[in-house]
There are 2 protein chains.
Amino acid sequence: MNEAFSYSEIDAYVDRCIAITPEERSFFHSILEPKTIERKQHLLRAGEICRYEYYVISGCLRSYYLDEKGNEVNIMFPVEDWWLGDLVSFTYNIPSSLYIEAMEDSILWMINQENKELLFEKVPAFERMFRLMIQRSLAAIQNRLYATIAKTAEQRYQEFMEKYPAIPQRIPQHHIASYLGITPEFLSKIRRKLAS
Amino acid sequence: MNEAFSYSEIDAYVDRCIAITPEERSFFHSILEPKTIERKQHLLRAGEICRYEYYVISGCLRSYYLDEKGNEVNIMFPVEDWWLGDLVSFTYNIPSSLYIEAMEDSILWMINQENKELLFEKVPAFERMFRLMIQRSLAAIQNRLYATIAKTAEQRYQEFMEKYPAIPQRIPQHHIASYLGITPEFLSKIRRKLAS
DNA sequence: GCTGCGCATTGAACTAGTTCAAGAAGTTGC
DNA sequence: GCAACTTCTTGAACTAGTTCAATGCGCAGC
């Protein structure tokens with residue numbers, strides 16, 4: 001295996017959530033599979049079943065779906081130290097409605113369903129780690145929903161820039177507009193206004 | 001304890017998620033505390049720490065927060081067989097930003113943090129049940145976010161009516177407007193248009 | 001060093017949704 | 001049976017955000 005596949009980042013992630021023994025850690029390592037993906041390639045397409053959950057070692061991706069008019073609607077931009085996948089598709093074995101595209105060449109760990117179950121069985125503490133992870137996702141997406149309902153696009157853009165200052169250097173602006181729920185043209189106008 | 005506090009609904013909920021032994025079920029019952037609340041009373045207010053998670057045996061509630069302008073923004077309308085609470089406040093022991101108000105006289109089971117941890121320790125299967133519950137919440141709120149970003153208010157209203165046809169009989173229309181992220185006046189206009 | 005493409009910007013016309021003020025209708029309290 | 005309150009509706013003026021078409025700019029390919 002290539003030395004780019006380091007356990008140190010994901011181990012640090014685990015350690016921030018739960019305490020495990022060296023043996024448990026080895027078992028965890030044994031079920032992780034390495035994955036590389038090139039810029040512009042898709043990790044998942046709508047209609048496919050999401051068979052893995054992914055942890056980003058390095059790189060930057062974009063998950064999105066197509067709305068009824070066929071427009072891409074961006075959901076998140078997973079970067080280093082994030083988990084991604086389509087939880088619903090993964091859990092219930094149903095076709096995903098998401099696309100996941102690499103925005104940069106990216107290096108990931110992945111874990112399949114069967115092994116995830118096996119992990120929960122052997123090391124129940126991981127059930128907690130994944131519960132905490134989902135809980136954080138839930139809190140984040142709740143905040144985003146409330147912002148979308150109750151705040152103007154300008155406020156949402158400013159909050160996005162504060163929360164993810166590094167993303168705009170890695171992701172084209174029209175994708176950020178779609179994430180914010182506005183058109184690229186309107187985002188451009190917001191930026192002009194804020195610049196003055 | 002009043003006979004209104006029946007275990008049958010919550011037992012059915014548990015059975016749909018996990019398999020447990022009679023002893024485990026008894027232990028689960030032993031940590032449930034009964035709670036009744038009258039219409040217009042608050043179960044939680046912003047600033048308080050949410051010490052319980054609640055399961056609705058009967059009744060109907062409303063969770064909301066106040067936006068920057070002081071407007072109430074409705075989040076959900078928990079009814080029979082739903083869980084509610086402020087997960088973030090409950091988990092991290094931080095002040096909640098939510099209000100929870102009873103829209104009808106309601107009957108609930110509640111479970112506190114300490115006992116929830118104890119439950120996870122004694123019966124790890126419950127860790128799974130709560131993970132599944134959060135996962136479903138996550139999927140639901142994701143759908144709602146995408147609808148809010150990519151669909152018109154009219155579409156969102158129609159989907160709400162399909163998904164929760166019983167709610168409008170229990171909740172005033174202006175609260176539904178706030179849930180949908182629009183003004184009561186505009187919802188009224190949508191209804192007029194759809195009626196014709 | 002040109003060609004073509006993806007990306008950001010601009011302006012004008014438009015539409016979805018808001019705000020405010022007023023009025024009607026149903027409900028609750030006493 | 002009236003008063004007070006809450007809810008829903010309506011219309012007119014307004015604003016946030018969209019759509020469409022055009023322009024310019026940087027940069028990758030050859």
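Since the model is a prediction, treat every value here as computed from it, not as a measurement. Note that these values count all heavy atoms, side chains included, but never hydrogens, waters or copies made by symmetry. Chain identifiers are assigned alphabetically (A, B, ...) following the order of the sequence lines, protein sequences preceding nucleic acid strands; residue numbering begins at 1 within each chain.
A cation-pi arrangement, defined by a distance under 6.0 Å to the six-membered ring centre and an angle within 45 degrees of its axis, is absent between B:R170 and B:Y164.
For DNA chain D, the contact window with chain B, defined by any atom under 4.0 Å from a protein heavy atom, covers D:dT7 to D:dA12 in 5' to 3' order.
For B:E38, there are no salt bridge (charged side-chain N to carboxylate O under 4.0 Å, His left out) partners, not counting sequence neighbours.
A salt bridge between A:K151 and B:E68 is present, with a side-chain N of the basic residue lying under 4.0 Å from a carboxylate O of the acidic one. Taking 4.0 Å as the cut-off between side-chain N and carboxylate O, B:D15 and B:R25 count as a salt-bridged pair.
Of the residues in residues 172-191 of chain A, those with a non-hydrogen atom less than 4.0 angstrom from any atom of DNA chain C are A:P172, A:Q173, A:H174, A:E185, A:S188, A:K189, A:R191. Residues from residues 60-74 of chain B placing a heavy atom under 4.0 Å of any atom in DNA chain C do not occur. Remark: nothing in residues 154-162 of chain B comes within less than 4.0 Å of DNA chain D through any heavy atom.
Rotation axes derived from the C1' atoms of the five outermost pairs at either end of the helix from C:dG1-D:dC30 to C:dC30-D:dG1 lie 50° apart, to the nearest 10°.
Of all heavy-atom pairs between A:P78 and A:R62, the closest is CD-N, 4.0 Å.
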Next on the checklist: Is there a salt bridge (charged side-chain N to carboxylate O under 4.0 Å, His left out) between B:K40 and B:E101? Walk through the geometry before answering.
Outcome noted: CA-CA 6 Å; B:K40 297 202 176 177; B:E101 182 195 353; over 6 Å; no
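Mapping B:K40 and A:T152 onto DNA chain D by nearest heavy atom places B:K40 closer to the 5' end of the strand.
Ring centroids of A:Y99 and A:Y65 are separated by 6.0 Å or more, keeping the two rings apart. Checked against the 6.0 Å centroid threshold, B:F130 and B:F120 count as a close aromatic pair.
For CD of B:E117, the number of neighbouring non-hydrogen atoms (other residues, nucleotides, ligands) closer than 6.0 Å is greater than 12.
Each of B:W83, B:Y52, B:Y7, B:Y55 was scored for a ring-ring contact (aromatic ring centres under 6.0 Å, His included) with B:W109, with one residue passing: B:Y7.
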